[in-house]
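Contents: one structure, followed by commentary.
Quick note on labels: first sequence line is chain A, next is B, and so on, each numbered from 1. Remember, it's a predicted structure, so these values are computed and weren't measured experimentally.
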Amino acid sequence: MRLLRELRAAYAFIERNSNLVKRYWGWELVWLTYSIVEALAITYLGAGIGAITGQSLDTTYLILYLLVGTLVWAYLATIFDGLSEAISWERWEGTIEYTFMAPASRLSHFLGTTAFAIAYGLVRTLLILGVVALSFHLDLGRANLPGAVLVLLGGSLAFIGLGILAAILPLLFPERGEQMSYAFQALILLVSGIYYPVEVLPPWLQRLAALSPATYALQGIRAALLEGEPTAALAGELLPLVLMGLILIPSGLMAFSLAERYAKRTGRLKRSG
Amino acid sequence: MEGLALDVRDVTKTFPRGGLLGLLGPRRERERIVALAGINLAVRRGEILGLLGPNGSGKSTLVRLIATLLLPDSGQITVFGHDAQREPRAVRRLINRVSADAAFFKGLTAMENLLFTARLYGLSGRTARRRASEILARLGLDGLSLHRPLEQLSRGTQQKVAIARAFLTAPVLLLLDEPTTGLDPHSRREVQRFILEVREDHDASVLLTTHAMEEAERLSDRIAIIDEGRIVACDTPTSLRERFRLNGHLPSLEEVFLALTGKPLEEERCACSVN
């Protein structure tokens, strides 16, 4: 009975977020179009590199390299946003007290939010891929697709943990929390080698790259899709991702619980930011 | 104590003055604002207790503490025997709250918002839809309003949806924090009648904060007056007025309220307990 109640509570977030997407479909269309144009622009940059440098280059690899970066980041960033903005949305609408007053566990809260974020991220990323595939010839003949999916799952785990941790910021800092989480996301974008190998970064940024789950996710997925590496050879990327997920998710939930307690002690749920 | 819906004992609550950074700041900023200074209050099962107080007197803080949205510095709050700090989820299942601000996802329809709440409380979609329609009909809201985005509804209608949200989960203790603010006199009457009906039909207990003296007098079995975080009086409306009778003149509740909250002589603490 309790399990059913918690499942219904988790579904509440999936249904509400789906309703919000339907309600604001115009904005969704704009954001999707923007993401598609962005993916196309970056991929065209790869296609045009020969013309830019005046050298004869095989751009097929470069196009795929950039496209993988764009799509994987689009997906992982959607998961991160979906979780980190879970509290900000409630603050914008002023509903945070009502949601936190409900007898649902925070685990159900994040379970529902995560399920929606993953589904939304997958649909969005596949739509972007579909449009880009119409414009470019993508040769995935050598690709190890199951291996790539496995690494993507590992990356999802780690980003779920990061998203929960980032959701703490708007809880503790009603006015500045969301800005902090955007800054954090920007840092991940910079250091994780989305559009370039991390080796081109200065040494101090490379040290940060080693801490970012996106670095391992991208390296693993590129190795699987571009080099056709067998799944066993992806262990070097997959293991750190799973390990990060196993550490970040429980510690994120625990930290969120402590932050919620602090917010209730200091009256921070009330302020709408 | 047997038969108590709500028991608040010696509850104090203070807030840091300077926010998170203020905790590390200069001493003046580390001083704390006293919101509640040792509150004792009880609501019997099936009783409506009106809580009156000037702005900033601690009414909403008390409601938030009972709703488990705040943690007290000291003291104990129990709802039907469940400790709000030790068993918050058990308490949450028994209560719901209406506040003056109708907080919703305004882009969603009334029904979508109500469904969200219902599912959070473990109700099925079918039960939620049926209950929502029944409650809103009793509050005088047409079915069409249920399927329009909240942002397209009037302030008064939004407030009725907020009231429906609280009743949807069939709480046995209702925390009504200025529930009729923003409603026209006709709607206010409908809501007041509904509160009385719910008390009769569902054996619900109610803690009602309001600035409307007429509303407090009409609905409340007893009235507690809170000022500067302390209960300064608690009795039936008639007894409260009798206490301040002067030269044969029976004062209005508003006169009693002004006398109690405007006088420094009411400094001593008063409990609103049940014998």
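- Note that B/R165 lies in the cation-pi zone of A/Y98, set by a 6.0 Å cut-off to the ring centre and a 45° limit from the axis.
- The structure places CG of A/L7 at 12.0 Å from CZ of B/R119, a figure rounded to the nearest 0.5 Å.
- Within the 4.5 angstrom heavy-atom criterion, atoms from both the backbone and the side chain of A/E97 approach chain B.
- Applying the side-chain contact (heavy atoms from CB on, under 4.5 Å) rule to A/A255 yields the partners A/L165, A/I168; only residues at least two apart in sequence or on another chain are considered.
- The side-chain contact (heavy atoms from CB on, under 4.5 Å) search around B/T61 returns B/K13, B/F15, B/A35, B/L36, B/L65, B/L70, not counting sequence neighbours.
- When each of A/P103, A/A12, A/A10 is scored by its heavy-atom pairs under 4.5 Å with chain B, the top score falls to A/P103.
- Only the side chain of B/P149 comes within contact range of chain A, with heavy atoms under 4.5 Å apart.
- Annotation: B/R131, atom CZ; neighbour count of heavy atoms from other residues, nucleotides and ligands within 6.0 Å is above 12.
- The candidate with the highest count of non-hydrogen atom pairs below 4.5 Å against chain A, out of B/D73, B/T169, B/L123, is B/L123.
- Heavy atoms closer than 4.5 Å to chain B are found in both the backbone and the side chain of A/T99.
- Between chain A and the options B/A67, B/S124, B/A90, heavy-atom pairs under 4.5 Å are most frequent for B/S124.
- Residues satisfying the side-chain contact (heavy atoms from CB on, under 4.5 Å) test with B/Q76, not counting sequence neighbours, are B/T78, B/D83, B/R86.
- When heavy atoms are compared at a cutoff of 4.5 Å, A/F13 approaches chain B by way of both its backbone and its side chain.
- Within residues 92-118 of chain B, the residues approaching chain A closer than 4.5 Å by heavy atoms are, in numerical order, B/R92, B/R93, B/N96, B/R97, B/V98, B/S99, B/D101, B/A103, B/F104, B/F105, B/K106, B/G107, B/L108, B/E112, B/L115, B/F116.
- Side-chain contact between A/K264 and B/Q85: absent, with no pair of heavy atoms (C-beta onward) separated by less than 4.5 Å.
- Counting non-hydrogen atoms of neighbouring residues, nucleotides and ligands closer than 6.0 angstrom, the CZ atom of A/R176 reaches no more than 12 such neighbours.
- Using a 4.5 Å cut-off between heavy atoms, A/L4 makes no contact with chain B at all.
- In this structure the side chain of B/L71 reaches within 4.5 angstrom of the side chain of A/R261, judged on heavy atoms.
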